[in-house]
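All residue numbers in this chain count up from 1 along the given sequence.
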Amino acid sequence: MKNQSCYSLAFVLLLFLFLVTKWPSVEAQSCRPSGELKGTNPPPGQCNTENDSECCVKGQLYKTYTCSPQVSSRTKAKLTLNSFEEGGDGGGASECDNQYHSDDTPVVALSTGWFKFNNMQRCLKDINIYGNGRSVRAMVVDECDSTVGCDDEHAYQPPCPYNIVDASKAVWRALQVPESNWGDLDIYWSDV
């Protein structure tokens with residue numbers, strides 16, 4: 001009986017170790033680039049650098065993605081800053097509703113794989129964002145395009161990486177991130 005208890009305990013410990021070592025790999029899942037895009041110089045004054053946005057560089061190769069990591073109750077991502085207002089660095093009107101949105105409204109754009117999932121089912125739906133020890137709900141209104149960029153529609157910015165939640169100022173304020181640190185934050189997010 002004592003040996004059976006030892007074997008049971010050993011099995012439980014091995015199972016625990018297996019789960020602990022495999023769990024982070026779910027979080028760290030990524031996807032492979034689907035191609036490359038060659039950068040072009042934007043026309044003078046056409047690249048919007050609001051919120052420290054990057055402009056495309058002629059001849060530079062940018063990776064493109066059609067996928068994003070699998071969504072879970074704790075999907076790892078990078079939070080970036082975007083203006084969804086007319087004339088803002090977000091480019092054109094939001095894809096979900098063809099409207100512009102105030103920077104004072106908690107709205108986001110998701111990388112292509114997350115946004116296009118299941119025929120854009122996340123459009124105009126809320127997601128939960130966890131970062132800086134806080135959480136906030138924000139509505140998905142647009143795609144942070146991971147497949148194209150360096151053109152007028154994308155404000156002459158490179159394609160988004162595959163793991164971006166591009167958020168309005170209202171999201172950053174709700175997470176109480178000091179304004180001097182706005183622009184790039186490791187977060188987790190989930191569907192509501």
Side-chain angles (χ1 to χ4, degrees), residues 28-71 75-103 105 107-117 119-120 122-123 127 129 131 138-172 175 177-187 189:
Q29 283 181 351
S30 62
C31 59
R32 296 181 188 271
S34 56
E36 291 182 327
L37 175 79
K38 194 172 192 176
T40 58
N41 278 338
Q46 293 298 305
C47 180
N48 189 329
T49 56
E50 180 183 13
N51 299 320
D52 296 323
S53 294
E54 178 185 345
C55 296
C56 290
V57 175
K58 184 177 182 175
Q60 184 169 333
L61 293 177
Y62 299 97
K63 290 180 176 149
T64 59
Y65 299 87
T66 56
C67 57
S68 292
Q70 184 175 354
V71 174
T75 308
K76 191 174 182 179
K78 286 279 186 192
L79 189 71
T80 55
L81 179 60
N82 187 47
S83 174
F84 294 84
E85 294 184 349
E86 189 167 8
D89 66 325
S94 296
E95 190 168 342
C96 290
D97 59 4
N98 201 33
Q99 301 291 316
Y100 292 96
H101 298 270
S102 167
D103 289 337
T105 304
V107 293
V108 298
L110 298 177
S111 291
T112 297
W114 291 329
F115 181 77
K116 298 282 187 181
F117 175 75
N119 201 26
M120 302 186 337
R122 292 187 176 95
C123 258
I127 63 170
I129 300 170
M139 184 169 59
V140 176
V141 296
D142 206 358
E143 172 185 16
C144 191
D145 205 322
S146 307
T147 61
V148 292
C150 300
D151 57 12
D152 182 53
E153 182 182 349
H154 299 94
Y156 294 98
Q157 297 168 13
C160 279
Y162 60 86
N163 62 340
I164 297 297
V165 176
D166 208 14
S168 65
K169 292 176 181 178
V171 171
W172 288 86
L175 294 175
V177 177
E179 199 167 333
S180 59
N181 294 336
W182 287 7
D184 188 355
L185 180 69
D186 290 329
I187 60 151
W189 73 274

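Inspection of the Asp166 and Thr80 side chains reveals an N or O donor paired with an N or O acceptor under 3.5 Å.
Side chain of Trp182 to backbone of Val177: a donor-acceptor contact under 3.5 angstrom is found. A donor-acceptor pair under 3.5 Å is formed between the side chain of Arg122 and the backbone N or O of Trp114. Checked by atom type and distance alone, the side chain of Ser146 never pairs as donor or acceptor with a backbone atom of Ser111 at under 3.5 Å. In terms of modelled atom types and a separation under 3.5 Å, the side chain of Glu85 and the main chain of Asp103 share a donor-acceptor contact. Proximity of a side-chain donor or acceptor of Thr64 to a complementary backbone N or O of Ser34 within less than 3.5 Å is not detected. Under the 3.5 Å distance criterion, the side-chain polar atoms of Ser94 are matched with a main-chain donor or acceptor of Gln99.
Take Tyr65 and apply the ring pair (Phe, Tyr, Trp, His ring centres under 6.0 Å) test, not counting sequence neighbours, and it matches Tyr162. For Glu95, the side-chain contact (heavy atoms from CB on, under 4.5 Å) criterion is met by Phe115, Lys116, Met120, Asp142, Glu143, not counting sequence neighbours.
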*asked:* side chain to side chain contact (heavy atoms under 4.5 Å, CB included) for Val71 and Phe117? Distances and angles first, verdict last.
replied: CA-CA 10 Å; Val71 174; Phe117 175 75; over 6 Å; no

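With rounding to the nearest 0.5 Å, the separation of CH2 in Trp189 from OG1 in Thr75 is 5.5 Å. The line from CG of Asn82 to NE2 of His101 is 11.0 Å long, rounded to the nearest 0.5 Å. With rounding to the nearest 0.5 angstrom, the NZ atom of Lys169 is 12.5 Å from the OG1 atom of Thr105. Atom-to-atom distance recorded for His154:NE2 and Ser53:OG is 13.0 Å, nearest 0.5 angstrom.
The shortest distance between side-chain heavy atoms of Asn163 and Lys76 does not fall below 4.5 Å. Residues Leu175 and Leu79 meet the side-chain proximity criterion, which asks for heavy atoms closer than 4.5 Å. Taking 4.5 Å as the limit, every side-chain heavy atom of Leu110 sits out of range of all side-chain heavy atoms of Ile164.
Taking both residues in full, the closest heavy atoms of Trp172 and Leu185 are given as CH2-CB, 3.7 Å, listed atom of the first, atom of the second, then distance. For the residue pair Thr147 and Asp145, the shortest heavy atom distance occurs at OG1-OD1, 2.6 Å. Scanning both residues, Cys31 and Ser68, for their nearest heavy atoms gives SG-N, 3.8 Å. In plain terms, the two heavy atoms of Glu54 and Tyr62 that are nearest each other are OE2-CE2, 3.9 Å. The nearest pair of heavy atoms linking Val108 to Ala138 is CG1-CB, 3.8 Å.
Asp184 and Lys78 are joined by a salt bridge, as a carboxylate oxygen and a charged side-chain nitrogen come within less than 4.0 angstrom of each other.
As summarised for Cys47 and Cys56, their two SG atoms remain at a distance no smaller than 2.5 angstrom, missing the threshold.
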Name each donor-acceptor pair under 3.5 Å that joins a side chain in residues 37-45 to protein atoms two or more places apart or in another chain, with its distance.
| residue | atom | partner | partner atom | Å |
| --- | --- | --- | --- | --- |
| Thr40 | OG1 | Cys150 | O | 3.4 |
| Asn41 | OD1 | Lys58 | N | 3.3 |

